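Here's the structure we're looking at; comments come further down.
Just so we're clear, the structure is a prediction, and the values are computed from it rather than from any experiment.
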Amino acid sequence: MINDITGLSSSQTNSTRARAGEGNATKAGSNDTPAQSPSSKGDTVKLSNAAQTLQNVEKQLANAPDVDSERVERLKQEIESGSYQINAERVAEKMLNFDSLL
């Protein structure tokens, strides 16, 4: 099933296409030198310094491990030995900061 989103009947569409083809034929037959289209020259993209920096940061993050294994191991040892100290003020501050983001 074909949904016509143009609102044109098939005869209107065909006549529009025919006129477009006539215009192209007229242009092609003229003695003017054809202008090069941008796609024939090749497309180029130039990234700003900020975009280049973001790309570099994304690459570094992609290569970074998801978990800091050394820190996890150190915290495990501190908890097991009983030397791990909880800073209640810091925990409360982080909780309030997180709540303000919501």
- Message: The criterion is side chain to side chain contact (heavy atoms under 4.5 Å, CB included); which residues satisfy it with Val72, sequence neighbours excluded?
- Response: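 Val72 satisfies side chain to side chain contact (heavy atoms under 4.5 Å, CB included) with Val67, Lys76 only.
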- Query: What residues form a side chain to side chain contact (heavy atoms under 4.5 Å, CB included) with Ile86, not counting sequence neighbours?
  - Reply: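 Checked Ile86 against side chain to side chain contact (heavy atoms under 4.5 Å, CB included); matches are Tyr84, Val91.
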How does the hydrophobic cluster around [X] look, that is, which other residues are in it when side-chain heavy atoms under 4.5 Å mark a link?
X: Leu102; value: Phe98
X: Leu47; value: Val45
X: Val57; value: Leu61
X: Leu54; value: none

- Query: Under the side-chain hydrogen bond (donor to acceptor under 3.5 Å, both in side chains) rule, what pairs show up with a residue in residues 47-68, not counting sequence neighbours?
  - Reply: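 Pairs touching residues 47-68 that pass the test: none.
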- Task: Apply side chain to side chain donor-acceptor pair (under 3.5 Å) to Ser69 and list each qualifying residue two or more places apart in sequence or on a separate chain.
- Result: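 In terms of side chain to side chain donor-acceptor pair (under 3.5 Å), with neighbours along the sequence ignored, Ser69 is linked to no residue.
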- Query: With sequence neighbours excluded, what pairs up with Thr44 under the side chain to side chain donor-acceptor pair (under 3.5 Å) test?
  - Reply: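 Side chain to side chain donor-acceptor pair (under 3.5 Å) list for Thr44, sorted by chain: empty.
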- Name all residues meeting the salt bridge (Lys or Arg N to Asp or Glu O under 4.0 Å) criterion together with Glu78; count only those two or more places apart in sequence or in a different chain, and write none if there are none.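 Salt bridge (Lys or Arg N to Asp or Glu O under 4.0 Å) list for Glu78, sorted by chain: Arg74.
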- Query: What pairs meet the salt bridge (Lys or Arg N to Asp or Glu O under 4.0 Å) rule with one or both residues in residues 83-97, with sequence neighbours excluded?
  - Reply: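 Listed once each, the pairs would be none.
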